[in-house]
A.B. asks: 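One structure follows; several queries about it will come next.
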Amino acid sequence: MNYWLMKSEPSTFSIDDLKSRPNKTEPWDGVRNYQARNFMRDDMRKGDLVFFYHSNCAEPGIVGIATVASEAYPDPTAFDPEDSHYDPKSDPDKPRWFLVDVKFKRTFKRTITLQELKEHQALADMKLVQKGNRLSIMPVTKQQWDYILALE
DNA sequence: GCCAACGTTGGC
DNA sequence: GCCAACGTTGGC
């Protein structure tokens, strides 16, 4: 069992959007960063737990929990010239970009804000709270996971 | 292989 | 809307 944090801009796709999807599940498409891709493709397993993080919004922070609902598979939006995430260099025979399906689990009673997370020394090692970090998918240790859950 | 230019992320 | 930080691209 692994733990993760995945960022999404709520104006594009919020945790409420995920909750209202059929089967409460959505392909996490559009990731075009190699580190983030590698986490999904190489390390994520069905059943892993995910902190759902709202970025680039009035109150950035962790808003709830999702689960990894599939193994990794090629991101179809990379093959679609009409899609904003189209990448002509991703060949269907040798796909460059991968994704996993993500399923809604629950919404927190309150947002655990980035500001708050930064105040905890126990979380100082998280990429999330470090200056200049832009990684949209990152691993979370069991210790960090439990610590953050206790803040809710 | 270097590195300047450019585009994107994301907090503020 | 601004801008710092960072990743990628492409000329050389």
Side-chain angles (χ1 to χ4, degrees), chain A residues 2-21 25-44 48-68 72-141 143-145 147-152:
Chain A
N2 294 312
Y3 301 89
W4 304 95
L5 182 143
M6 298 172 89
K7 296 180 185 174
S8 185
E9 301 191 18
S11 60
T12 304
F13 190 76
S14 71
I15 194 165
D16 290 335
D17 292 329
L18 181 62
K19 186 180 182 180
S20 63
R21 282 291 187 270
T25 301
E26 178 78 357
W28 204 262
D29 58 23
V31 171
R32 298 293 179 267
N33 170 281
Y34 289 104
Q35 244 188 306
R37 176 205 66 182
N38 292 348
F39 286 135
M40 287 197 288
R41 187 190 60 184
D42 304 335
D43 300 324
M44 277 192 183
D48 285 356
L49 289 168
V50 178
F51 281 139
F52 198 110
Y53 179 90
H54 280 175
S55 66
N56 205 13
C57 56
E59 196 178 43
I62 300 171
V63 294
I65 297 176
T67 59
V68 175
Y73 59 96
D75 183 343
T77 65
F79 309 135
D80 179 2
E82 302 299 311
D83 194 281
S84 61
H85 297 292
Y86 175 58
D87 182 357
K89 292 181 208 146
S90 187
D91 182 335
D93 293 328
K94 200 170 181 252
R96 172 176 299 203
W97 303 113
F98 289 77
L99 54 71
V100 297
D101 292 342
V102 170
K103 181 170 186 173
F104 175 83
K105 187 172 173 70
R106 71 182 181 91
T107 301
F108 286 165
K109 295 189 288 282
R110 66 181 188 92
T111 300
I112 302 174
T113 65
L114 177 62
Q115 184 184 17
E116 180 181 354
L117 294 168
K118 282 179 172 173
E119 290 167 4
H120 291 271
Q121 191 56 41
L123 304 175
D125 286 340
M126 288 187 83
K127 284 273 188 294
L128 183 71
V129 302
Q130 291 167 10
K131 187 175 181 178
N133 171 67
R134 289 166 29 184
L135 194 57
S136 63
I137 297 175
M138 67 190 76
V140 175
T141 67
Q143 289 77 8
Q144 291 162 347
W145 181 273
Y147 188 92
I148 291 169
L149 269 190
L151 297 176
E152 185 184 356

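A note on names: the letters A, B, ... follow the listed sequences, proteins ahead of strands, and every chain is numbered from 1. When reading the values below, keep in mind they use all heavy atoms of this one structure, side chains included, and skip hydrogens, waters and symmetry mates.
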A.B. asks: Just by distance, with hydrogens left out, do A:R32 and A:S90 show a side-chain donor and acceptor under 3.5 Å apart?
C.D. replies: no
A.B. asks: OP1 or OP2 of B:dT9 less than 4.0 angstrom from a side-chain nitrogen or oxygen of A:K127, does that happen here?
C.D. replies: no
A.B. asks: Measuring from atom NZ of A:K127 to atom CG of A:L135, what distance do you get when rounded to the nearest 0.5 angstrom?
C.D. replies: 7.5 Å
A.B. asks: Write down the distance between CD (A:Q130) and P (B:dG10), rounded to a whole number of angstrom.
C.D. replies: 15 Å
A.B. asks: Looking just at side-chain N and O atoms, do A:S14 and A:D17 make a donor-acceptor pair shorter than 3.5 Å?
C.D. replies: yes
A.B. asks: Counting only heavy atoms and a strict 4.0 angstrom limit, can you tell me which residues of residues 111-126 of chain A come near DNA chain B?
C.D. replies: A:L114, A:K118
A.B. asks: Does the ring pair (Phe, Tyr, Trp, His ring centres under 6.0 Å) test come out yes or no for A:Y73 and A:W97, once each step is laid out?
C.D. replies: CA-CA 8 Å; A:Y73 59 96; A:W97 303 113; over 10 Å; no
A.B. asks: Report the distance from atom CD of A:Q35 to atom C1' of B:dT9, rounded to the nearest whole Å.
C.D. replies: 14 Å
A.B. asks: Without decimals, in angstroms, what is the distance between A:L5 CG and B:dT9 C1'?
C.D. replies: 15 Å
A.B. asks: Looking only at the side chains, is there a donor atom on one of A:Y34 and A:R96 sitting less than 3.5 Å from an acceptor on the other?
C.D. replies: yes
A.B. asks: Tell me if the CD atom of A:Q115 is crowded by more than 12 foreign heavy atoms within 6.0 Å.
C.D. replies: no
A.B. asks: Got a second to check how far A:L18's CG is from A:T25's OG1, nearest 0.5 Å?
C.D. replies: 7.0 Å
A.B. asks: Nearest whole angstrom, please: distance from the C1' of C:dT9 to the CG of A:N33.
C.D. replies: 15 Å
A.B. asks: Quantify the bending of the helix from B:dG1-C:dC12 to B:dC12-C:dG1 as the angle between its end axes, each fitted on five pairs, to 10°.
C.D. replies: 10°
A.B. asks: Of the residues in residues 51-60 of chain A, which ones touch DNA chain B at a heavy-atom distance under 4.0 Å?
C.D. replies: A:Y53, A:S55, A:N56, A:P60
A.B. asks: Examine distances only and state if a side-chain atom of A:E26 and a backbone atom of A:K103 form a donor-acceptor pair shorter than 3.5 Å.
C.D. replies: no
A.B. asks: Is there a side-chain contact between A:K7 and the phosphate of B:dG10, meaning an N or O under 4.0 Å from OP1 or OP2?
C.D. replies: yes
A.B. asks: More 5' along DNA chain C: A:R96 or A:G132, using each one's nearest nucleotide?
C.D. replies: A:G132
A.B. asks: Roughly, in whole Å, what's the span from CD1 in A:I62 to P in B:dG11?
C.D. replies: 12 Å
A.B. asks: Just the rounded figure in Å: distance from P of B:dG10 to CG of A:L128.
C.D. replies: 10 Å
A.B. asks: For A:I137 and B:dG10, what is the distance between atoms CD1 and P respectively, to the nearest whole Å?
C.D. replies: 11 Å
A.B. asks: Look at the aromatic rings of A:F13 and A:F52 and report parallel, tilted or perpendicular, splitting at 30° and 60°.
C.D. replies: tilted
A.B. asks: 5'-most contact on DNA chain C: A:K131 or A:R32, nearest heavy atom basis?
C.D. replies: A:K131
A.B. asks: So how far is it from A:L123 CG to A:L128 CG, rounded to the nearest 0.5 Å?
C.D. replies: 9.0 Å
A.B. asks: Can you tell me how far CE of A:M138 sits from CE of A:M6, rounded to the nearest 0.5 angstrom?
C.D. replies: 11.0 Å
